[in-house]
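Quick note on labels: first sequence line is chain A, next is B, and so on, each numbered from 1.
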Number of protein chains: 2
Amino acid sequence: MGERKIRNMEEFAEVSGISRPTVSKYFHDPSSVRKSTRGKIEAALEEYAYRPNFYAVNQNRKLTKTIGVVVPNLADPFFAEIARNIERRCMEAGYAPTLFGSHGEPELEVEILDNLRLLKPAGVLIAPLGRVTDRKALEAFCRDVPTVLFDSNIEGLGDFFVGSDNYSFVDQTVTYLCRSGQPPCFFEMKNPANPNANKRRLAYIDKMAELGHEPQFVQIEGEGWGFEEIGRQGGLWAIENRILPCDTVLCSNDRLAIGFLSACYEKGLRVGSGAGCALRVASHDDHPYSRFTCPSLTTAAHDYDSVSGQSIEALMRAIDSEARGASREEVLYPAKLIMRASA
Amino acid sequence: MGERKIRNMEEFAEVSGISRPTVSKYFHDPSSVRKSTRGKIEAALEEYAYRPNFYAVNQNRKLTKTIGVVVPNLADPFFAEIARNIERRCMEAGYAPTLFGSHGEPELEVEILDNLRLLKPAGVLIAPLGRVTDRKALEAFCRDVPTVLFDSNIEGLGDFFVGSDNYSFVDQTVTYLCRSGQPPCFFEMKNPANPNANKRRLAYIDKMAELGHEPQFVQIEGEGWGFEEIGRQGGLWAIENRILPCDTVLCSNDRLAIGFLSACYEKGLRVGSGAGCALRVASHDDHPYSRFTCPSLTTAAHDYDSVSGQSIEALMRAIDSEARGASREEVLYPAKLIMRASA
DNA sequence: TCCAAAAGTTTACGCGAGTAAAATTTTAGT
DNA sequence: ACTAAAATTTTACTCGCGTAAACTTTTGGA
């Protein structure tokens with residue numbers, strides 16, 4: 001095999017005994033050529049392993065077969081997991097996903113969008129940074145490219161939004177905690193970087209009111225995306241200064257909770273619902289590590305599969321439909337309560 | 001701004017009052033044109049925000065400005081962290097990094113290499129899957145593209161290998177553990193997926209012999225990359241069946257340790273070096289979460305900065321040097337012991 | 001001020017493929 | 001076996017840019 005080096009489609013057409021336009025057609029859609037032709041081409045393909053030049057193929061196309069996937073932070077297992085899921089589905093749908101992480105930096109997010117434009121992607125899935133996202137830039141981008149937003153919603157932008165229903169998350173944890181013990185106080189960052197935080201905060205206030213309890217907050221300092229460390233420092237601070245208003249703590253998200261649990265352990269506070277426990281702790285997200293915390297973390301889980309599946313599906317629709325922007329839809333998935341040892 | 005839509009370099013050259021070849025030169029290297037010319041082009045750039053067609057630019061180039069980064073698993077915070085670091089350095093060096101995760105699947109790893117070839121990357125940084133990597137495929141790839149291997153070495157492949165010195169890792173933890181208490185037993189997978197595991201195992205045997213101790217192993221079942229769960233199950237099994245031969249456990253890596261600590265907690269085994277503790281646990285990698293385990297994990301840290309920095313540097317040299325493949329170098333970085341509460 | 005060097009302009013061709021149109025061959029149905 | 005339909009071949013043009021060659025203009029130093 002490989003007696004001769006194939007430089008382009010011309011040469012490959014020659015060795016396969018088929019004309020170049022037909023070969024081109026084959027690569028565009030193998031089923032569009034006669035079976036006998038397909039056979040010849042595939043035989044030659046075995047022998048020479050030729051593949052069309054990626055750049056030449058895409059130069060004239062208005063749209064390519066790539067799909068951009070942008071998340072705030074690839075080092076966050078939550079996003080890594082969802083990116084992985086989406087990546088796989090893209091490939092199954094015949095597209096080539098390209099991953100980008102904006103590392104929490106709005107400028108980088110804009111740069112990624114600019115670069116993405118050059119790739120002429122068929123579509124883009126983006127979990128925006130949220131509050132700090134450059135709305136104008138994203139808006140302009142969404143006009144040009146079929147875009148599905150996920151995880152964090154930015155009002156009115158994109159063809160579709162797929163996310164989790166923050167109200168459902170908080171509803172389930174608060175309901176459970178109130179039923180099984182003291183109503184929880186809410187442990188969160190004073191100035192959260194992630195956009196879901198505020199929605200959870202409001203849902204907490206609502207739900208507590210509904211159940212006839214006074215909402216109580218433990219708001220901690222900290223900037224950026226290092227949530228575990230922020231949660232740990234905040235936890236140490238809250239414990240040392242006896243700030244915690246009750247024996248049940250509901251963290252805004254699992255990463256914060258991971259840090260908080262670490263602080264509890266360090267301070268000798270036994271967490272759990274059993275006898276001899278000083279504190280109950282619960283949270284939201286079902287972070288991949290939440291089952292390995294000590295104790296394992298009771299949390300409200302995202303429906304990872306539905307979110308990523310629906311995102312792709314919505315993107316495919318946006319790509320296919322010619323009249324984009326006509327209607328914008330939103331889908332929210334409810335949480336699933338995962339009861340573990342921490343509460 | 002943006003009175004007229006610029007479709008190509010021809011049109012952009014027109015509105016900027018400069019000839020197309022000169023504009024082309026500018027985009028190749030802004031400093032290669034006269035200052036006054038640069039001024040005109042940049043003025044037009046402000047007004048029209050034109051950027052050359054990515055595909056047309058790269059079609060004729062033998063090499064592009066992209067650098068491929070391939071890791072076994074983007075959902076593993078260790079690799080995510082290193083990928084992030086490398087990504088940043090690539091951008092600083094004027095290259096466009098593209099991330100790929102092979103998800104622990106050898107077939108996917110090969111497919112990624114095949115796709116990468118089409119991108120005509122200037123170079124590639126890859127942390128191979130290891131044992132299961134398709135050696136022939138990687139070898140062929142390395143012949144065509146400047147490649148630096150990192151994290152896991154595959155004998156003789158690539159222009160350079162940058163990794164951590166597994167011996168140093170184990171040396172430090174074992175030395176410390178022996179000095180401060182009972183000699184450790186070694187907790188590991190029977191059939192580890194990651195290639196560094198065997199080196200650490202051998203280093204453990206060596207070091208124990210050197211210190212005059214008998215090596216003792218706790219080998220657990222499990223397949224794949226879900227190390228935390230494997231460590232947890234293995235831990236539960238070892239504890240329930242009283243397999244642990246001593247009170248000091250050295251885990252092959254942090255992810256395994258995270259699971260093991262979780263098992264200890266669940267079984268009520270107090271971990272740490274203080275009074276009242278049943279077990280000491282230490283490990284290797286300084287995983288981003290190891291400071292948040294309960295108790296926080298004593299571990300041997302990778303020199304993330306040096307590994308990623310050196311990888312890029314080596315790749316740049318490989319890219320620049322015309323005579324590739326002449327010599328293959330390896331660099332190993334020693335570990336840094338991070339003492340925390342678990343041992 | 002003059003002149004050589006440096007920079008820019010014109011012109012023209014190449015890259016590797018997509019694709020349209022017309023001519024030709026193959027296929028399938030009767 | 002004949003014919004209409006389908007598939008393929010031929011030919012030729014396009015896309016957006018890199019780049020080489022020959023020529024013209026600008027620049028800076030003596």
Nucleotide nearest [X] when distance is taken to its side chain, options [options]:
X       : options                : answer
B:Arg34 : C:dT27, C:dA17, D:dT27 : D:dT27
A:Asn60 : D:dT9, C:dG16, C:dT27  : C:dG16
A:Ala56 : D:dT8, D:dC17, C:dA17  : C:dA17
A:Val33 : D:dC17, D:dT8, C:dG16  : D:dT8

>> Pair B:Asp320, B:Arg317 - check salt bridge (charged side-chain N to carboxylate O under 4.0 Å, His left out), show working.
In response: CA-CA 5 Å; B:Asp320 291 340; B:Arg317 277 202 304 277; over 6 Å; no
>> side chain to side chain donor-acceptor pair (under 3.5 Å) for A:Arg51 and B:Asn115? Distances and angles first, verdict last.
In response: CA-CA 10 Å; A:Arg51 288 181 67 181; B:Asn115 291 333; 3.0 Å; yes
>> Counting the atoms with a prime plus P, OP1 and OP2 as sugar-phosphate, which does B:Phe12 contact under 4.0 Å by heavy atoms, base, sugar-phosphate, or nothing?
In response: nothing
> Which part of the nucleic acid, if any, lies within contact of A:Asn8, taking any heavy atom under 4.0 Å across all strands shown: a base, the sugar-phosphate backbone alone, or nothing?
Replying inline: sugar-phosphate
Send over the distance from [X] [atom1] to [N] [atom2], rounded to a whole Å.
X        : N      : atom1 : atom2 : result
B:Glu10  : C:dT9  : CD    : C1'   : 12 Å
B:Ile6   : D:dC15 : CD1   : C1'   : 17 Å
A:Tyr26  : D:dA7  : OH    : C1'   : 17 Å
A:Leu118 : D:dC17 : CG    : P     : 10 Å
A:Gln59  : C:dG18 : CD    : P     : 11 Å
A:Arg7   : C:dG14 : CZ    : C1'   : 15 Å
A:Lys62  : D:dG16 : NZ    : C1'   : 16 Å
B:Glu14  : C:dT10 : CD    : C1'   : 15 Å

Short heteroatom pairs, N/O only, protein and nucleotides 19-21 of chain D, under 3.5 Å:
| unit_1 | atom_1 | unit_2 | atom_2 | d |
| --- | --- | --- | --- | --- |
| D:dT19 | O4 | B:Arg20 | NH2 | 3.3 |

>> What I want to find out is whether B:Arg328 reaches B:Glu330 closely enough, with some N-O distance under 4.0 Å, to be called a salt bridge.
In response: yes
> With respect to B:Ser308, which candidate in B:Asn85, B:Val162, B:Asp303 satisfies the side-chain contact (heavy atoms from CB on, under 4.5 Å) definition?
Replying inline: B:Asn85
[X] vs [N]: side-chain N/O to OP1/OP2 distance below 4.0 Å:
X       : N      : value
B:Tyr50 : D:dC17 : yes
B:Ser19 : C:dT9  : yes
A:Ser36 : C:dT26 : no
B:Asn53 : D:dG16 : no

>> Distance alone, cut at 3.5 Å: any donor-acceptor contact between the side chains of B:Glu11 and B:Tyr50?
In response: no
> Any luck finding a side-chain donor-acceptor pair between B:Glu87 and A:His103 under 3.5 Å?
Replying inline: yes
> With side chains defined as the heavy atoms from C-beta onward, is the minimum distance between B:Phe78 and B:Asp151 less than 4.5 Å?
Replying inline: yes
>> The test is salt bridge (charged side-chain N to carboxylate O under 4.0 Å, His left out); show your working for A:Arg89 and A:Asp305 and say whether it passes.
In response: CA-CA 10 Å; A:Arg89 287 171 196 268; A:Asp305 273 356; 3.8 Å; yes
